[in-house]
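I have placed the structure first, in the form of structure tokens, so that the comments after it can refer back to it.
On a predicted model such as this, the values are computed, not experimentally measured, just so you know. Labels below follow one simple rule: chain letters A, B, ... track the order of the sequence lines, proteins then strands, and each chain is numbered from 1. Values reported hereafter were calculated over all heavy atoms of this structure, with side chains retained and with hydrogens, waters and symmetry mates removed.
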2 protein chains.
Amino acid sequence: MGEKITTIQDIADRLKITRSTVSRALSDSPRISDKTKKKVREIAKELNYVPNTLASNLRKGKSFTIAYVVPDISNPFFAKIGRLIESIALKEGYFLLVGSTDEDAKKEEALINNLMNRQIDGLVLASTKVNSKVVKNLVDRNFPLILFDRVDEKVDGNYVLVENEQSMQKATESLILQGCKKLGLLSITPELYPLNARIAGFKKALESNHFEINTDLIRKVDNNNIKESTHAEMAYLIEQEVDGVVFTNNTMASQAIWNVNMYYKDLAEKLKFASFDNLELFDYSLPKITSIAQPIEFIARNIAHMLLDLMDKKEMQVKKLVLEPNLIKR
Amino acid sequence: MGEKITTIQDIADRLKITRSTVSRALSDSPRISDKTKKKVREIAKELNYVPNTLASNLRKGKSFTIAYVVPDISNPFFAKIGRLIESIALKEGYFLLVGSTDEDAKKEEALINNLMNRQIDGLVLASTKVNSKVVKNLVDRNFPLILFDRVDEKVDGNYVLVENEQSMQKATESLILQGCKKLGLLSITPELYPLNARIAGFKKALESNHFEINTDLIRKVDNNNIKESTHAEMAYLIEQEVDGVVFTNNTMASQAIWNVNMYYKDLAEKLKFASFDNLELFDYSLPKITSIAQPIEFIARNIAHMLLDLMDKKEMQVKKLVLEPNLIKR
DNA sequence: CTGAAAGCGCTAACAA
DNA sequence: TTGTTAGCGCTTTCAG
């Protein structure tokens, strides 16, 4: 409670040397004698010295912090990627500050501004709003930024993403090949990239197989209430007697699997699903589900290394990485 | 690139006033005239002023940051809780710094020290090592700290946890009531709390039902390789012809479900499972699984509010909260 | 090898 | 209502 906090000055006083010497000794500068270093370390330990990184960072003009801003950090996809970035970054001395935007552009903007005030050194962002002003501004200022997941290929700036449209087209076609005659689709924020690209892929599959595109079967799920909304929309599609359903991400797909198992058990063998993103449970769950697996580790590693390079200023040239996801037919 | 960073001084110079006035104007101090505030804000915008929170925090002796240190931030349980704490904390102006320890006590210690250097204002910790020196030290110094999940009830300090032993006993007994005659158990780090308490509950259930305790059926899963290890141990238990398996957390349980569905499909209806933690998929997956659901939102809310109170010094008295989990029989 | 001095950008007592 | 002044704790040139 009433403990005095030890500073570098206290150590200096004790040894009758100056702050600068102590500072150098603690950072193991080659210009300091081993004897001094030893003494400094001893006294530091004795006084329970805790370096104040805030002060050091202010002086250095760097916070050794990177921010990870995504719609929802507890979504397995974002959680896994965050975890991997965290561990790579930590090895280089960077900590990860996380922020969830809840798919809310206003919140995202406020969050980013707040983080910039905190002098973050880099930002990894799955933006809710492609081409937002805040992001453009960062790109223009050449701020170390890696976009992912929610990016349009044409966007300025550095990004890592997976191909959306063709993959979804292939996944949908695989349902058609399995004999589906009437397909529905569920998506959150269908107007936003990359969800809209996935929907475009779905439509292309229908077109090239001469299915009629019934927009009534392309359903929007409320992202503030994914669970209930998915169930309502599934009920609707089932009423319309679809024999296959496509989902634009894993959240809705896993909800729908739950839904079918709980309320439409008899349809579990008949319905065919396809979804962007993969989950382990898709290997055995019913309805059978074809999925598009994003190479999570590869994405995370690339994001982390690209960002570290940018912060090191090793690379100032724009880097765009588009990965091919893996179609898992089931 | 070659842009000069605007400071509060630049704004002051422009308006021929002092830094302090600008500082006060920007923080909307009542002692400043509206006219001045307005002008300051205008110039701030014009010069693209970005406040430097690092400097302000240094001055205030507070970082407005709390750390969330857990074994693995991508584990759904920790991810969800982190997400909830993050949003509550943000409302009070605190950001969340995350760190995963990989169940490695050394890593955890280094991480915590590192975070303390960063002048975090509070820490939420699911420690790998109950009663470690670092944690004791924080408790002694009255540092705002909330322990959870990995805590022994007798530990000093503030914590939120769920009852482990009895819950696991009940879950195990429900398998026995369903007719299981030979039960096995899988656990990571079985020597550490709360896993050991869960195992104790398992054993008590056996004892009170006059089952013999065959320690060979209590298997350890390697936490560096949960997937492979779970599969190996499941193979062993199946070879021993168990008719029920108990898991000390959701990671192993979901792996085992996968395993049975992939390799022992014929056993899916016969085997009975029980697990600490609940997952939605348990509602419909096979083998049937009885689970112990932790009240995640309640846990998170309590952690967040307890920590905020501590940081506010509203509460300096030790708070211990033990929650009763919810047994879901299936 | 060590010291002196300046300052990172901001805030807050104390004055006026 | 505004200014003066000091300093948060640390690093780093420039001297010696």
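At least one side-chain heavy atom of A:Ile66 sits under 4.5 Å from a side-chain heavy atom of A:Ile85. A 4.5 Å side-chain heavy-atom check between B:Val50 and B:Asn48 finds every atom pair outside the cut-off. At a threshold of 4.5 Å between non-hydrogen side-chain atoms, the residues A:Lys136 and A:Asp156 do not count as touching. In this structure the side chain of B:Tyr159 reaches within 4.5 angstrom of the side chain of B:Val322, judged on heavy atoms.
Looking at residues 9-28 of chain B, you'll see B:Lys16, B:Ile17, B:Thr18, B:Arg19, B:Ser20, B:Thr21, B:Arg24 sit with a heavy atom under 4.0 Å from some atom of DNA chain D. Proximity of residues 109-123 of chain A to DNA chain D (heavy atom under 4.0 angstrom from any strand atom) is not detected for any residue. Using a 4.0 Å cutoff on non-hydrogen atoms, no part of residues 38-47 of chain B comes near DNA chain D.
When rounded to the nearest whole Å, the span between NZ of B:Lys37 and C1' of D:dT2 equals 13 Å. A:Leu54 has its CG atom 14 Å from the P atom of D:dC8, to the nearest Å. Note: CG (A:Asn57) to P (D:dC10) measures 12 Å, nearest angstrom. Nucleotide C:dA12 holds its P atom 6 Å from the NZ atom of B:Lys60, rounded to whole Å. Taking atom CG of A:Asn52 as the reference point, atom P of D:dG9 lies 7 Å away to the nearest angstrom.
A donor-acceptor contact under 3.5 angstrom links the side chains of A:Glu86 and B:Ser100, judged on distance only. Using modelled atom types and a 3.5 Å distance limit, the side chains of A:Ser20 and A:Ser23 yield no donor-acceptor pair.
The environment of A:Lys129 atom NZ is sparse: at most 12 non-hydrogen atoms of other residues, nucleotides or ligands sit within 6.0 angstrom.
A donor-acceptor pair under 3.5 Å is absent between the side-chain atoms of A:Asp102 and the main chain of A:Asp104, judged by distance alone. Under the 3.5 Å distance criterion, the side-chain polar atoms of B:Ser74 are left unmatched by any main-chain donor or acceptor of A:Arg83. For B:Asp309 (side chain) and B:Met306 (main-chain N/O), no donor-acceptor pair under 3.5 Å exists by modelled atom type.
In this structure, A:Pro76 has no side-chain contact (heavy atoms from CB on, under 4.5 Å) partners at least two apart in sequence or on a different chain. For A:Thr53, the side-chain hydrogen bond (donor to acceptor under 3.5 Å, both in side chains) criterion is met by no residue, not counting sequence neighbours.
The residue B:Thr53 sits apart from the nucleic acid: no heavy atom pair falls under 4.0 Å.
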Next item on the list: Might you work through the salt bridge (Lys or Arg N to Asp or Glu O under 4.0 Å) test for B:Glu103 and B:Arg150, ending with a clear yes or no?
Entry: CA-CA 11 Å; B:Glu103 310 276 359; B:Arg150 312 302 185 85; 2.9 Å; yes

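In this structure, A:Phe148 and A:Tyr68 have parallel ring planes: the angle between them is below the 30° cut-off, well short of the 60° mark.
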Margin query: Let me check I have this right: for DNA chain C, each base becomes ., (, ), [, ] or |, based on Watson-Crick or G-U pairs with both distances under 3.5 Å. What is the full string?
Written below: ||||||||||||||||

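Judged by closest nucleotide on DNA chain C, A:Thr36 is the one of B:Val50 and A:Thr36 placed further toward the 5' end. Projected onto DNA chain D by closest heavy-atom contact, A:Ile8 and B:Ile32 fall at different nucleotides, the more 5' of which corresponds to B:Ile32.
Looking at the side chain of B:Arg31, the nearest of the listed nucleotides C:dC14, D:dC10, D:dA15 is C:dC14.
At C:dC8, none of the side-chain N or O atoms of B:Thr7 fall inside 4.0 Å of OP1 or OP2 (strictly under the cut-off).
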